[in-house]
Trainee: 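This is the structure I have questions about; it appears just below.
Basis for what follows: all heavy atoms, side chains included, without hydrogens, waters or symmetry-related copies.
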Amino acid sequence: MKTLSAKNAAALDKDLMSIGAFSIDQLMELAGLSVSQAVYRVHPPKLGRRVLVACGPGNNGGDGLVAARHLWHYGYKTTIYYPKQSKNDLYQRLATQLKNLSIPFTDDFPSAIEETDHIVDAIFGFSFSGEVREPFPAVIKALEETSVPVTSVDAPSSWNIETGPPSEGLGARFMPQVLVSLTAPKPLVNKFNGRHFIGGRFVSPDIKDKYDLELPEYEGIDQVVEVDGEGAPKSKV
């Protein structure tokens, strides 16, 4: 399937906010909504309502905060792991929205992972590069070792956006059960072998053409589409 490089993903985001006239708040809301719908699809409440959302300090973490709010409204019992909270006003407001719903925040990821039914990995997104910094190495290790199903937002955290998982060391054995590619798949999807969704029903035809994207047809009011290894939509289960 066609993929979008990290460089082009960053440029596309800028175009969405200039040519497309979207604000970062809008894009984050739509991304988080997409993630929440994918979680509902793969892990409906009957499979367990406890969802642990691990959020990083950047936009990927913001998507996770939004997803957590929507999941609470769907009836899940969400818990937030957000150790490096941003001082940015947008992220502060997203966190406050969760606190206003009495959604708990935890600093103890190893304990929280033992008391959840599903995990949302919203730590690092397409802009990640270099080494995994504290306090996240222990989190990535726990994600590698857990038997709890994981849904990753845009990229499995610790993976290289172009080449996929590290060849050795931290993150080499991390393979989430679900991946939600936002806007369009990134090259790392070629190394992924779980359930794959594309989310981001907001790309205009001109931006789609500019980046030569192959985007699926969204059904009804859905914000996500599950696709196969070739990028073709799969039938709902």
Trainee: After noting the C-alpha distance and the side-chain angles of K210 and D15, does the key distance pass the salt bridge (charged side-chain N to carboxylate O under 4.0 Å, His left out) rule?
Mentor: CA-CA 10 Å; K210 179 177 179 179; D15 281 346; 2.8 Å; yes
Trainee: Just so I know, are the side chains of P166 and F174 near enough to count as touching, which here means a heavy-atom distance under 4.5 Å?
Mentor: no
Trainee: Quick one: does L12's side chain get under 4.5 Å of Y211's, heavy atoms only?
Mentor: yes
Trainee: For residues P137 and L170, report the shortest heavy-atom separation together with the two atoms involved.
Mentor: O-CD1, 3.5 Å
Trainee: Apply side chain to side chain contact (heavy atoms under 4.5 Å, CB included) to the pair T116 and V148, showing each step before the final yes or no.
Mentor: CA-CA 8 Å; T116 194; V148 177; 4.0 Å; yes
Trainee: Sorted by first residue and then second, give each side chain to side chain donor-acceptor pair (under 3.5 Å) pair with at least one member in residues 165-175; sequence neighbours left out.
Mentor: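 Every candidate side chain to side chain donor-acceptor pair (under 3.5 Å) pair involving residues 165-175 fails, so no pair, neighbours aside, qualifies.
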Trainee: Distance from F202 atom CZ to L27 atom CG, nearest 0.5 Å?
Mentor: 5.5 Å
Trainee: Applying a strict under-4.5 Å side-chain criterion to I, L, V, M, F, W and Y, I'd like to know whether V42 and V225 cluster together.
Mentor: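 Looking at the clustering, V225 is in a separate group from V42.
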Trainee: Looking only at heavy atoms, which two atoms of L188 and P156 are closest? And how far apart?
Mentor: CD1-CD, 3.9 Å
Trainee: Run the side chain to side chain contact (heavy atoms under 4.5 Å, CB included) check on D154 and F124 step by step: do they pass?
Mentor: CA-CA 8 Å; D154 217 21; F124 303 125; over 6 Å; no
Trainee: Pairs under 3.5 angstrom only: tabulate donor-acceptor contacts from the side chains of residues 97-106 to other protein residues two or more places apart or in another chain.
Mentor:
| unit_1 | atom_1 | unit_2 | atom_2 | d |
| --- | --- | --- | --- | --- |
| Q97 | OE1 | R69 | NE | 3.0 |
| Q97 | OE1 | R69 | NH2 | 3.2 |
| N100 | ND2 | T96 | O | 3.4 |
| T106 | OG1 | D108 | N | 3.1 |

Trainee: Mind checking whether V132 and V139 have side chains closer than 4.5 Å, heavy atoms only?
Mentor: no
Trainee: Mind checking whether V203 and L215 have side chains closer than 4.5 Å, heavy atoms only?
Mentor: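 The answer is yes, as the side chains (C-beta and beyond) meet within the 4.5 Å cut-off.
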Trainee: Do the side chains of V53 and L143 join up, straight or via other hydrophobic residues, at under 4.5 Å, putting them in one cluster?
Mentor: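 Per the 4.5 Å side-chain linkage, V53 and L143 are not co-clustered.
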Trainee: Search all heavy atoms of N59 against all heavy atoms of M28 and return the closest pair with its distance.
Mentor: OD1-CE, 3.7 Å
Trainee: So H196 and P185, do their side chains get closer than 4.5 Å, heavy atoms only?
Mentor: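 Touching, per the 4.5 Å side-chain cut-off.
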Trainee: Which atoms form the tightest heavy-atom contact between W159 and G171, and what is the distance?
Mentor: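 That would be NE1-O, 4.0 Å.
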Trainee: Side chains of P216 and P233: closer than 4.5 Å at any heavy-atom pair?
Mentor: yes
Trainee: Using a 3.5 Å distance criterion without hydrogens, assess whether the side chain of D121 forms a donor-acceptor pair with backbone atoms of T151.
Mentor: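 No; zero donor-acceptor contacts below 3.5 Å.
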Trainee: Same cluster for W72 and L30 if Ile/Leu/Val/Met/Phe/Trp/Tyr side chains link at under 4.5 Å?
Mentor: yes
Trainee: With side chains defined as the heavy atoms from C-beta onward, is the minimum distance between Q85 and Y91 less than 4.5 Å?
Mentor: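 Side chain of Q85 against side chain of Y91, heavy atoms only: no contact under 4.5 Å found.
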Trainee: Which distance, rounded to the nearest 0.5 Å, do you find between the CE of M17 and the CD of Q26?
Mentor: 11.0 Å
Trainee: Okay, side chain of R201, backbone of D222: is any donor-acceptor separation there less than 3.5 Å?
Mentor: yes
Trainee: If you count the non-hydrogen atoms of other residues, nucleotides and ligands that lie under 6.0 Å from NZ in K208, is the total more than 12?
Mentor: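 Buried by this count: over 12 neighbours within 6.0 Å.
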Trainee: For residues M1 and V189, report the shortest heavy-atom separation together with the two atoms involved.
Mentor: SD-CG1, 4.1 Å
Trainee: Take a 6.0 Å sphere around NZ of K2 and say whether it holds more than 12 heavy atoms from other residues, nucleotides or ligands.
Mentor: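 Atom NZ in K2 is packed in, count exceeds 12.
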Trainee: Once rounded to the nearest 0.5 Å, what's the spacing between atom CG of L179 and atom NZ of K186?
Mentor: 8.5 Å
Trainee: Begin from the C-alpha positions of D25 and R93 and carry the test salt bridge (charged side-chain N to carboxylate O under 4.0 Å, His left out) through to its verdict.
Mentor: CA-CA 10 Å; D25 306 52; R93 286 188 284 111; 3.0 Å; yes
Trainee: Side chains of D107 and Y82: is there a donor and an acceptor less than 3.5 Å apart?
Mentor: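 Judged by distance alone, the side chains do not pair up.
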Trainee: Does P187 offer a backbone N or O that forms a donor-acceptor pair with the side chain of N190 under 3.5 Å?
Mentor: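 Yes; judged by distance alone, with no hydrogens or angles, the pair exists.
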Trainee: Do E226 side-chain atoms and F197 backbone N/O form a donor-acceptor pair below 3.5 Å?
Mentor: no
Trainee: Can you tell me how far the CD atom of E144 sits from the OG1 atom of T146, to the nearest 0.5 Å?
Mentor: 11.5 Å
Trainee: Check each of V120, I123, V178 against V153 using the side-chain contact (heavy atoms from CB on, under 4.5 Å) test, and report the only one that passes.
Mentor: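 For V153, the side-chain contact (heavy atoms from CB on, under 4.5 Å) test succeeds with only one of V120, I123, V178, which is V120.
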Trainee: Count I, L, V, M, F, W, Y as connected when their side-chain heavy atoms are under 4.5 Å apart, and connections chain through other members. Are V150 and I140 then in the same cluster?
Mentor: yes
Trainee: How long is the gap from OG on S34 to CG on L182, to the nearest 0.5 Å?
Mentor: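 With rounding to 0.5 Å, OG (S34) is 6.5 Å from CG (L182).
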Trainee: Measure the spacing between CD of Q177 and CG of N193 and express it to the nearest 0.5 Å.
Mentor: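 Output value for this atom pair is 9.5 Å.
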Trainee: Run the side chain to side chain contact (heavy atoms under 4.5 Å, CB included) test on E134 and K84 for me, step by step, so that the C-alpha distance in whole Å, both residues' side-chain angles and the decisive distance to 0.1 Å come before the verdict.
Mentor: CA-CA 10 Å; E134 295 294 342; K84 298 186 72 173; over 6 Å; no
Trainee: Sub-3.5 Å donor-acceptor pair from the side chain of S181 to the main-chain atoms of A184, do we have one?
Mentor: no
Trainee: Find out whether P45 and Y76 are in side-chain contact, i.e. whether some heavy atom of one side chain is under 4.5 Å from a heavy atom of the other.
Mentor: yes
Trainee: Going only through I, L, V, M, F, W and Y residues with side-chain contacts under 4.5 Å, is there a path from I80 to V39?
Mentor: yes
Trainee: Between R50 and D117, is a salt bridge (charged side-chain N to carboxylate O under 4.0 Å, His left out) present by the stated rule, with each step listed?
Mentor: CA-CA 5 Å; R50 301 173 301 174; D117 303 304; 2.9 Å; yes
Trainee: In terms of heavy-atom contacts, does CD1 of I221 have more than 12 from other residues, nucleotides or ligands at under 6.0 Å?
Mentor: no
Trainee: Closest heavy-atom contact between A6 and I161?
Mentor: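 Smallest heavy-atom distance, with atoms named: CB-CG2, 4.0 Å.
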Trainee: Tell me which pairs pass ring pair (Phe, Tyr, Trp, His ring centres under 6.0 Å) where either residue lies in residues 24-45, with sequence neighbours left out.
Mentor: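 Sorted result for residues 24-45: Y40-Y74, H43-H118.
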Trainee: Decide side chain to side chain contact (heavy atoms under 4.5 Å, CB included) for L16 and I207; before the verdict, give the C-alpha distance in whole Å, the side-chain angles of both, and the deciding distance to 0.1 Å.
Mentor: CA-CA 8 Å; L16 285 170; I207 292 179; 3.8 Å; yes
